[in-house]
Amino acid sequence: MLTGPQISADTVTDSATPNLANNWTQTRQRIASAASQSGRLCDSVKLLAISKGHPASAIRALAALGQHDFGENYLQEALPKLQELQDLQLTWHYTGQLQGNKTRAVAEHFDWVHTLDRERIALRLNEQRPHYAPPLNICVQVSLAPEAGKGGVPPEEVSSLAQKVAALPKLKLRGLMCIPPPRDTFDEQRSLFEQLVACQRQLLDAGLAVDTLSMGMSADLEAAVAAGATWVRIGTALFGERPKK
Ligand SMILES: *Cc1c(COP(=O)(O)O)cnc(C)c1O
C-alpha cells in the first residue's frame, strides 16, 4: 500500500489539483492506520479513487503519484475521460447506477462493476463483454437500509443474484458492495458494514469464491476497514469537494 513512486508534491500541484499529493498521502495513511488497528495488513485494503465530477487532468496527476484504480459513476462524463487517459495503464471501475441502455459501453470500457443489482443487467453485461476482454469483475450491490435509496438488492436476495452472476462466463463474481446511509458514530457505521460481511459469509458457505468487500467512503473508511473492506471508494478526501452539478 505505501510503496509506489515518491513524487514530491510540487510535481503535481497546480491550480487545478490543489493538495492532491497531500490528500493522497493522508488518505493512504488513514487506510494504513485503520488496517493496523484491526490487525490487518495494509495492502489487504485497496484504494479506489472515485473521480466523478473531476477532470481528466486531476486523474492524470493522481496517477502520476502511483494511483492505479479509478471509479466513475456517469458514462457520459466517464467515456471522454477514459479516452483522454488511454495512454495510462489504469484500471477502471464503474460505480454508478446501471441502466439497461448503458450496459454496452460499460462492458466494453470498464474492468469492474461495483453496482450490479439486477439479473437482467448481468445477462446484458455478459452478452456484451467483448470476446477478447477478460471476464468483467462484478460486485453485487446490497441495500442495507431502504432509506438509502441508491440501488442494491436486499440481503435476502443477494445469494440468488450472486449464484446467477457466478454462472455467467464473461462475468467474474468478486464480492459485494454497499453504500450505507450516513451514520454519526463509528459503532453505528461498523455495524452496517458488518451486515455486508454477514452476506459475504452466506456466499462463502454456499461455495462461492468471493474475495471482495467494496465498502467505505471518505466519511466512514475507518469503520469499513475495521469491518473488513477490501476496496474503499474515496472521492472527496482525495479530490476535494465535487463541483455542484
Ligand atoms: C461518490 C461515490 C463515492 C465517494 O464518496 P466520497 O464521500 O466523496 O468519498 C464512493 N462510492 C460511490 C458509489 C460513489 O458514488
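Numbering starts at 1 and runs along the sequence shown. What you see is a predicted model; the values in this text were computed from it and never measured. Remember, it's 1-based here, ligands and their atoms both numbered in the order they're listed.
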Worksheet item: Will you find, in the side chains of Ser214 and Arg233, an N or O donor that is under 3.5 Å from an N or O acceptor?
Response: yes

Worksheet item: Just distances here: any N/O of Arg242 and N/O of ligand 1 closer than 3.5 Å?
Response: yes

Practice prompt. Using a strict cut-off of 4.0 Å, indicate which atoms of ligand 1 neighbour a heavy atom of Ile234.
Written response: 9 (O)

Worksheet entry | For atom 4 (C) of ligand 1, the protein heavy atom that lies nearest, with its residue and separation | Gly235 N, 3.6 Å

Discussion item. Return the closest protein heavy atom for atom 6 (P) of ligand 1 as residue, atom name and distance.
Written reply: Ser218 OG, 3.5 Å

Worksheet entry | Matching residue for Gln200 among Asp211, Thr212, Val210, Leu208 - test: side chain to side chain contact (heavy atoms under 4.5 Å, CB included) | Val210

Worksheet item: Should the proximity of Thr236 to ligand 1, defined as any heavy atom under 4.0 Å, be assigned to the side chain, the backbone, both, or neither?
Response: both

Item to complete: Give the atoms of ligand 1, by number and element, whose distance to some non-hydrogen atom of Ile179 is under 4.0 Å.
Response: 13 (C)

Discussion item. Can you report which non-hydrogen protein atom sits closest to atom 10 (C) of ligand 1, along with the distance?
Written reply: Met217 SD, 3.1 Å

Worksheet item: Which ligand 1 atoms does Asn73 reach within 4.0 Å, using its non-hydrogen atoms?
Response: 14 (C), 15 (O)

Item to complete: Tell me, yes or no, whether the heavy-atom count around Gln89 atom CD, taken from other residues, nucleotides or ligands under 6.0 Å, exceeds 12.
Response: no

Practice prompt. Could you tell me whether the side chains of Trp24 and Gln67 share a donor-acceptor contact shorter than 3.5 Å?
Written response: yes

Worksheet entry | Heavy-atom donor-acceptor pair, Arg242 side chain to Gly235 backbone, under 3.5 Å | no

Practice prompt. Between Met177, Lys52, Arg233, flag the one that comes closest to atom 2 (C) of ligand 1 by a heavy atom.
Written response: Lys52

Worksheet item: Taking the side chain from Arg124 and the backbone from Gly100, do they hold a donor-acceptor pair closer than 3.5 Å?
Response: yes

Item to complete: Using a strict cut-off of less than 4.0 Å between a Lys/Arg side-chain nitrogen and an Asp/Glu carboxylate oxygen, indicate whether Asp111 and Lys172 qualify as a salt bridge.
Response: no

Practice prompt. Decide if atom CG of Asp184 counts as having more than 12 heavy atoms of other residues, nucleotides or ligands within a radius under 6.0 Å.
Written response: no

Worksheet item: Which residue and non-hydrogen atom of the protein lie closest to atom 13 (C) of ligand 1, and at what distance in Å?
Response: Thr95 O, 3.5 Å

Discussion item. Residue-level breakdown please: for Thr115 versus ligand 1, do any non-hydrogen atoms fall below 4.0 Å on the side chain, on the backbone, on both, or on neither?
Written reply: neither

